[in-house]
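Data first, discussion second: the structure below is written as structure tokens.
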There are 2 protein chains.
Amino acid sequence: MEHRIDKIKKQLHSQSYKLTPQREATVRVLLENETDHLSAEDVYLLVKEKAPEIGLATVYRTLELLSELKVVDKINFGDGVSRYDLRKEGAEHFHHHLVCIECGAVEEIEDDLLGDVEKIVEGQWGFEVKDHRLTFHGICKVCQKQAVAASSTNESN
Amino acid sequence: MEHRIDKIKKQLHSQSYKLTPQREATVRVLLENETDHLSAEDVYLLVKEKAPEIGLATVYRTLELLSELKVVDKINFGDGVSRYDLRKEGAEHFHHHLVCIECGAVEEIEDDLLGDVEKIVEGQWGFEVKDHRLTFHGICKVCQKQAVAASSTNESN
DNA sequence: ATTACGGCGATAATCATTATCATTTTAGAA
DNA sequence: TTCTAAAATGATAATGATTATCGCCGTAAT
């Protein structure tokens, strides 16, 4: 953890930004909730537990800054809010998401699934790919099971 | 065009919705600007040219309705607004986008690039894919050329 | 003709995000 | 260490997209 904080600190310094206590607290919250997809409000509430004096605007500013530095990715699942997702260590590409349309659960996929597709896009469309966003919408394992269970209960229908 | 309007009319009727003049005017605007990615405000202004009495709220309501019926897809490129994109005739899948980070141009790709990837997701993660969103961010052909031109002009640097 | 209801337009309300501004903190320079 | 300019912060106002409300209208069935 400290290692990753240090790394982010260096990234900030390289652009002559500082790792202020507020920024550090925000980064720690992101690290501690790496598997979630927190909104700015979520982050704000969590940071407040450790640093109650922080303001919402500062959280927004910090998330925006981290986003510019590509430390986090700003994503949007179609509900009205932006969510912030820490890039994995040394991750070249943005990871992918599986969003369940039943329960809303979001699962992450780290594997690079798009290598071939990117080659096609670059070759066939002459488009120089810098990043991508891939989200699948569908039914997660858990909800599939529940659907099966529900249909066997109501077999009379 | 009339054929597609008819089809949408039937889709509405099948859920006991009506194709009112306002809804028809909105659909026509979408059909006439099929290659664009209009925001609700954009649609509103265009519909107003034909039907000046229409209200913004009605446009939002209509777009929401069409979205539920899967006649349009609601997409989000990270600027603060939702955009609405007509599904192609008989398109099984949502199409993909290439967004240029230089000039903001958006190109569409109709080809199904994700067949193999979806198989992996279904097989390896047990996730039942219903739909997907794929957007590449990068540099479009035009901006690539301009970058080359600019660098040859400034070769002294 | 009456009524019930879906749909409408105008506009107020909401909610996430951004801008403003006075104050505080910080990193060097003196 | 003290001073100073720039950067950062917190509180809050402003913005802007979207949604909710509400009174009214047109239609279709009674």
Side-chain angles (χ1 to χ4, degrees), chain A residues 8-29 37-69 71-85, chain B residues 8-29 37-69 71-85:
Chain A
I8 291 167
K9 189 174 186 175
K10 278 177 196 135
Q11 282 181 270
L12 285 165
H13 284 168
S14 76
Q15 315 270 327
S16 43
Y17 293 116
K18 306 165 199 169
L19 182 62
T20 64
Q22 290 90 338
R23 286 175 185 166
E24 184 173 336
T26 304
V27 170
R28 282 184 190 279
V29 163
H37 299 81
L38 303 174
S39 68
E41 186 82 27
D42 294 337
V43 173
Y44 173 60
L45 293 174
L46 288 168
V47 176
K48 272 214 136 188
E49 291 175 9
K50 313 175 157 195
E53 75 291 353
I54 201 170
L56 178 58
T58 300
V59 172
Y60 270 101
R61 280 185 292 234
T62 300
L63 291 171
E64 191 57 35
L65 180 59
L66 294 173
S67 194
E68 276 165 29
L69 295 178
V71 171
V72 302
D73 283 300
K74 191 175 180 177
I75 53 180
N76 203 303
F77 290 134
D79 53 349
V81 295
S82 293
R83 297 175 181 280
Y84 299 85
D85 212 353
Chain B
I8 291 166
K9 188 175 186 175
K10 278 177 197 137
Q11 282 182 269
L12 284 165
H13 285 168
S14 76
Q15 315 271 327
S16 43
Y17 294 117
K18 304 168 201 168
L19 183 62
T20 64
Q22 291 90 340
R23 286 175 185 167
E24 183 172 337
T26 304
V27 169
R28 282 185 190 277
V29 163
H37 298 82
L38 303 174
S39 68
E41 186 82 27
D42 294 338
V43 174
Y44 173 60
L45 294 174
L46 288 167
V47 176
K48 271 214 136 188
E49 292 174 8
K50 312 175 156 194
E53 76 291 353
I54 201 171
L56 177 58
T58 300
V59 171
Y60 270 102
R61 280 186 290 235
T62 301
L63 291 172
E64 190 57 33
L65 180 59
L66 294 174
S67 195
E68 275 165 28
L69 295 179
V71 172
V72 302
D73 283 299
K74 191 174 179 178
I75 53 180
N76 202 304
F77 291 135
D79 53 349
V81 295
S82 294
R83 296 175 181 282
Y84 298 85
D85 213 354

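Here is how names work: the chains are called A, B, and so on, in the same order as the sequence lines, proteins then strands, and each is numbered from 1.
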Over how many whole Å does the gap from B:Leu38 atom CG to D:dT18 atom P extend?
13 Å

Close side-chain approach of A:Ile8 and A:Gln11, heavy atoms under 4.5 Å
yes

Mind calculating the distance between CG (A:Leu56) and P (D:dT15) to the nearest angstrom?
18 Å

Would you please confirm or rule out a distance under 4.0 Å between OP1 or OP2 of C:dT25 and any side-chain N or O of A:Gln22?
no

Other residues, nucleotides, ligands: >12 heavy atoms within 6.0 Å of A:Tyr17 OH
no

Could you tell me how far apart A:Leu12 (CG) and C:dT26 (P) are, to the nearest whole angstrom?
15 Å

Mind calculating the distance between CG (B:Asp42) and C1' (D:dA17) to the nearest angstrom?
13 Å

Just to be sure I understand the rule, does B:Ser39 reach a base, reach only the sugar-phosphate, or reach nothing, if contact means heavy atoms closer than 4.0 Å?
nothing

For C:dT17, take OP1 and OP2 only and decide whether either is under 4.0 Å from a side-chain N or O of A:Ser82.
yes

Can you name the closest pair of heavy atoms from B:Gln22 and B:Thr26 and give their distance?
O-OG1, 2.8 Å

Roughly, in whole Å, what's the span from NZ in A:Lys18 to P in C:dT25?
13 Å

Is any NZ, NE, NH1 or NH2 atom of the basic residue among A:Lys74 and A:Glu64 found under 4.0 Å from an Asp or Glu carboxylate oxygen of the other?
yes

A:Thr58 side chain near D:dG10 phosphate (N/O to OP1/OP2, under 4.0 Å):
yes

So for B:Arg61 and C:dG6, does any side-chain atom that can act as donor or acceptor lie under 3.5 Å from a complementary atom in the base?
no

Calculate the interatomic distance between B:Asn76 atom CG and C:dT17 atom C1'; express it in whole Å.
14 Å

Starting at the 5' end of DNA chain C, which residue's closest nucleotide do you reach first, A:Glu41 or B:Gly55?
B:Gly55

When rounded to whole Å, the CD to P distance for the pair B:Glu53 and D:dC24 reads 20 Å

Look at B:Thr20 and C:dG7 and indicate whether a side-chain polar atom (N or O) is within less than 4.0 Å of OP1 or OP2.
no

Please figure out whether A:Glu64 or B:Tyr17 has its closest DNA chain C nucleotide nearer the 5' end.
B:Tyr17

Rounded to whole angstrom units, what separation is found between the OH atom of A:Tyr60 and the P atom of D:dT12?
17 Å

Supply the atom-to-atom distance B:Gln15 CD to B:His13 NE2, rounded to the nearest 0.5 angstrom.
12.0 Å

From the list C:dG9, D:dT18, D:dT12, which nucleotide is the closest neighbour of the side chain of A:Ala57?
D:dT12

